[in-house]
Amino acid sequence: LGALVEVSFIMKALLYVPEELTPLFFTPSYTSLTNEQRVSYNRLHGMYFLEQTIFFEQFLGKQGLQWLAKHAPSAYLRREAEEFIMEEDQHSAWFRELLREIDPHVYAKSDFHLLAAGDLQQAMMSKLSANVSRLPALLWLQLMAEERALHFGRCYLRHADEVDPRFMAVQRKHLADEPGHIRRDLLFLEWLWSATPAWLRRVNAWLLEWLLREFFLLPKRSGQRVLDHWLERHPELSSQRAVILSDWKALSQNTRFISSLYPRSALPKTSELASAWPELTFMNTFLTDP
Ligand SMILES: [Fe+2]
Ligand SMILES: [Fe+2]
């Protein structure tokens, strides 16, 4: 029996992302799926997760960092911004390389296949990011994204025996750099948020809350595309489709799922720094504890 258990363990298909970082895992439907169906969803979501990281690094943050590398008030801060850009380019290159290894055909021309961001959205995001001096809310988004990246990376480590070693390797490397990025995000925010007039800080705080709730909470666009792609690959699920979709819709009321997204314990720096600014009190209810 021991040998059998061992063989079935070796045969078990490896995941691309820990299950608890995927929305479908939180739905009742997940328990009725076969192992093969789960792994297939997991792998698609795991690839989307890499696409999302590239998008954050290349479009949400980069132009803003380039602005900081030119206009930050001290040579020290400007150099920090330059190093930051170089590291993020390197990270995107690791993730891009892995995606191309997994699916050379699909990722030959573009990094984004599952992520719902066309050329227009990419260009718009870059434009917004270049205006970080008027939109310091983007630096908060960046800090939150990096604290979450650290949190996700630790989650990968806890599930190292279930996850494909290639995905583990890039997450391990990424994890090593993230604390340095959080340190720099804090440096930039402490300077730029304080330097922003109170009225503009209030506008930015409102924008930040809206962006977080609209784009970075429920799986509305890209997460939905992952689900659609997966359902397309599994015609045998057609009779369960309606139930799966209604479970998916119910994620907005699923407290276990919602509280897994922005736990305060995973975003300690965001929580601490935001508490110094009255315009960011919404963070008290936005950040949850598991
Ligand atoms: Fe990164
Ligand atoms: Fe980073």
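Note: hydrogens, waters and symmetry copies are ignored here, and every other heavy atom, side chains too, is used. When a ligand or atom number is given, it counts from 1 through the structure's own listing order.
- Under the 6.0 Å distance and 45° angle rule, R213 does not count as a cation-pi partner of F286.
- Under a cutoff of 6.0 Å and an axis angle of 45°, R184 and F84 form a cation-pi pair.
- An angle of 80° is found at the Fe ion (ligand 2) between E178 atom OE1 and H181 atom ND1, rounded to 10°.
- No other N/O/S atom of E57 lies as close to the Fe ion (ligand 1) as OE2 does.
- Looking only at N/O/S atoms, E88 comes nearest to the Fe ion (ligand 1) through OE1.
- Ring pair W206/W210 is parallel by interplanar angle, where below 30° counts as parallel and above 60° as perpendicular.
- The cationic atom of R96 (NZ for Lys, CZ for Arg) does not lie both less than 6.0 Å from the six-membered ring centre of Y107 and within 45° of the ring axis.
- The Fe ion (ligand 2) sits nearest to atom OE1 when only the N, O or S atoms of E146 are considered.
- Angle NE2 (H174) to the Fe ion (ligand 1) to ND1 (H91): 90°, rounded to 10°.
- If you look at F55 and F95, their ring centroids are not closer than 6.0 Å.
- Contact annotation: E87 places no N, O or S atom under 2.8 Å from the Fe ion (ligand 2).
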